[in-house]
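Take a look at the structure set out below.
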Amino acid sequence: MVEAGAKVAIGDVLDERGRETVQTIAGAGDAAVYLHLDVTRDEDWTAAVEATVAAFGGLDILVNNAGLFLGTGIEETSLEEWHRLCAVNLTGVFLGTKHALPALRERGRESPHGSAIVNLASVAGLVGSQNDPLYSLTKGGVTLFTKSAALEFARKGYRVRVNSIHPGVIQTDMGDQTFAARARNRASNDVDVERRRALSAHPIGRLGMPDDIAKGIVFLASDDSAFMTGAGLVVDGGLTAQ
């Protein structure tokens with residue numbers, strides 16, 4: 001986002017890693033700030049939006065990126081684990097959208113193509129998942145919330161576009177959690193086998209990289225996608241084409 005010319009407020013509960021991320025782009029001057037943000041808390045969102053507007057004079061883009069992965073089946077998951085999954089993957093998206101909306105709406109009035117919200121969904125929000133049914137449930141919710149929010153804002157005359165992006169298996173910490181969980185569920189504990197299994201499911205011949213998804217997010221946040229709202233951008237190496 002910074003390379004494309006944006007100024008960004010990075011929010012997370014992992015304060016040290018968040019500050020390190022800001023430091024890695026410190027060469028961009030004042031283009032990035034870090035804010036402590038637990039996406040499940042009303043007050044954290046209120047403070048984050050206020051701090052962002054104060055730092056940069058407004059808010060044009062919201063990327064709802066926080067996510068949690070369990071990797072357990074329906075029978076094995078406790079109610080407490082389910083509530084935590086929903087709190088991050090669903091409530092976090094709702095609260096982010098709700099609290100950022102006034103600032104996005106204000107800036108949208110001035111922008112030729114309005115403001116933008118990009119929600120991180122998943123291919124697991126488009127098709128069923130035999131390995132991760134509860135994660136799939138939450139990402140399916142994000143998929144339809146994206147469409148519904150886009151329609152509500154359009155009905156109200158808000159110039160705020162809302163789109164989702166649907167990654168395949170990406171080589172991130174969560175991707176590694178996926179391989180470990182599947183190895184555990186198959187009682188093999190062979191993570192490398194699960195990595196190869198995931199790789200073979202992607203016709204493009206490789207797993208995704210964070211940059212593959214970042215470029216899609218930049219596109220959905222930019223004026224290049226000005227005629228898109230309520231849409232889902234699938235970046236999955238052909239996984240769901242089969």
Side-chain angles (χ1 to χ4, degrees), residues 9-15 17-18 35-49 61-102 104 117-153 160 162-170 172-182 184-185 210 213 217 220 230-236 239-240:
I10 299 168
D12 207 333
V13 293
L14 303 175
D15 294 331
R17 291 185 64 178
L35 306 168
H36 179 84
L37 172 61
D38 179 344
V39 299
T40 70
R41 294 170 62 89
D42 256 317
E43 56 270 32
D44 278 24
W45 272 111
T46 299
V49 172
I61 300 158
L62 168 68
V63 180
N64 280 311
N65 185 54
L68 186 67
F69 176 79
L70 287 182
T72 54
I74 295 169
E75 294 174 289
E76 295 79 30
T77 304
S78 70
L79 184 60
E80 182 181 0
E81 290 171 324
W82 166 245
H83 284 163
R84 177 60 178 161
L85 184 70
C86 288
V88 176
N89 292 6
L90 290 173
T91 302
V93 176
F94 157 62
L95 289 177
T97 302
K98 176 181 178 179
H99 287 288
L101 182 58
L104 291 168
I117 297 174
V118 183
N119 293 325
L120 270 290
S122 169
V123 292
L126 298 174
V127 296
S129 173
Q130 61 177 303
N131 295 304
D132 314 305
L134 301 179
Y135 178 77
S136 181
L137 194 165
T138 64
K139 290 303 183 178
V142 172
T143 300
L144 283 184
F145 176 76
T146 297
K147 296 180 182 299
S148 297
L151 293 174
E152 179 185 346
F153 298 164
V160 180
V162 191
N163 293 293
S164 56
I165 189 164
H166 301 260
V169 179
I170 310 300
T172 60
D173 290 346
M174 187 178 288
D176 290 341
Q177 291 173 22
T178 302
F179 304 139
R182 291 179 181 177
R184 183 177 64 250
N185 292 341
I213 308 308
I217 293 170
L220 291 175
L233 179 63
V234 180
V235 186
D236 70 346
L239 180 65
T240 56

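Start at 1 with the first residue, then count along the sequence. This is a predicted model, so every value here is computed, not measured. Atom set for the values below is all heavy atoms of this structure, side chains included, hydrogens, waters and symmetry mates excluded.
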| message | Under the criterion side chain to side chain contact (heavy atoms under 4.5 Å, CB included), I'd like the reasoning laid out for F179 against V169: C-alpha separation, chi angles, the key distance, then a yes or no. | response | CA-CA 10 Å; F179 304 139; V169 179; 3.7 Å; yes
| field | Side-chain donor or acceptor of K139 paired with backbone N/O of S122 under 3.5 Å | value | no
| task | Locate the shortest heavy-atom distance separating D38 from V13; write the atom from each residue and the value. | result | CA-CG1, 3.6 Å
| message | Set out, in order, the CA-CA distance, both residues' side-chain angles and the distance that settles side chain to side chain contact (heavy atoms under 4.5 Å, CB included) for L95 and T40, then state yes or no. | response | CA-CA 7 Å; L95 289 177; T40 70; 5.5 Å; no
| task | Identify the two heavy atoms, one from P167 and one from A121, that lie closest to each other, and give their separation to 0.1 Å. | result | CD-O, 3.6 Å
| Test item: T138 side-chain N/O and Y135 main-chain N/O as donor-acceptor pair under 3.5 Å | yes
| message | Please determine whether the number of non-hydrogen atoms from other residues, nucleotides or ligands lying under 6.0 Å from atom CD of E80 exceeds 12. | response | no
| message | So, applying side chain to side chain contact (heavy atoms under 4.5 Å, CB included) with V162, which one of L62, L104, L220, T146 is it? | response | T146
| query | Looking only at side chains, do T72 and T77 share a donor and an acceptor under 3.5 Å apart? | reply | yes
| task | Would you please say whether a donor-acceptor pair under 3.5 Å links the side chains of S164 and N119? | result | no
| task | Check the side chains of S136 and D132 for a donor-acceptor pair under 3.5 angstrom, ignoring hydrogens and angles. | result | no
| task | Please report the closest heavy-atom contact between W45 and H99, naming both atoms and the distance. | result | CB-CD2, 3.6 Å
| field | Residue of the set N64, V93, I61, V63 for which side chain to side chain contact (heavy atoms under 4.5 Å, CB included) holds with I117 | value | N64
| query | CZ of R17: more than 12 outside heavy atoms within 6.0 angstrom? | reply | no
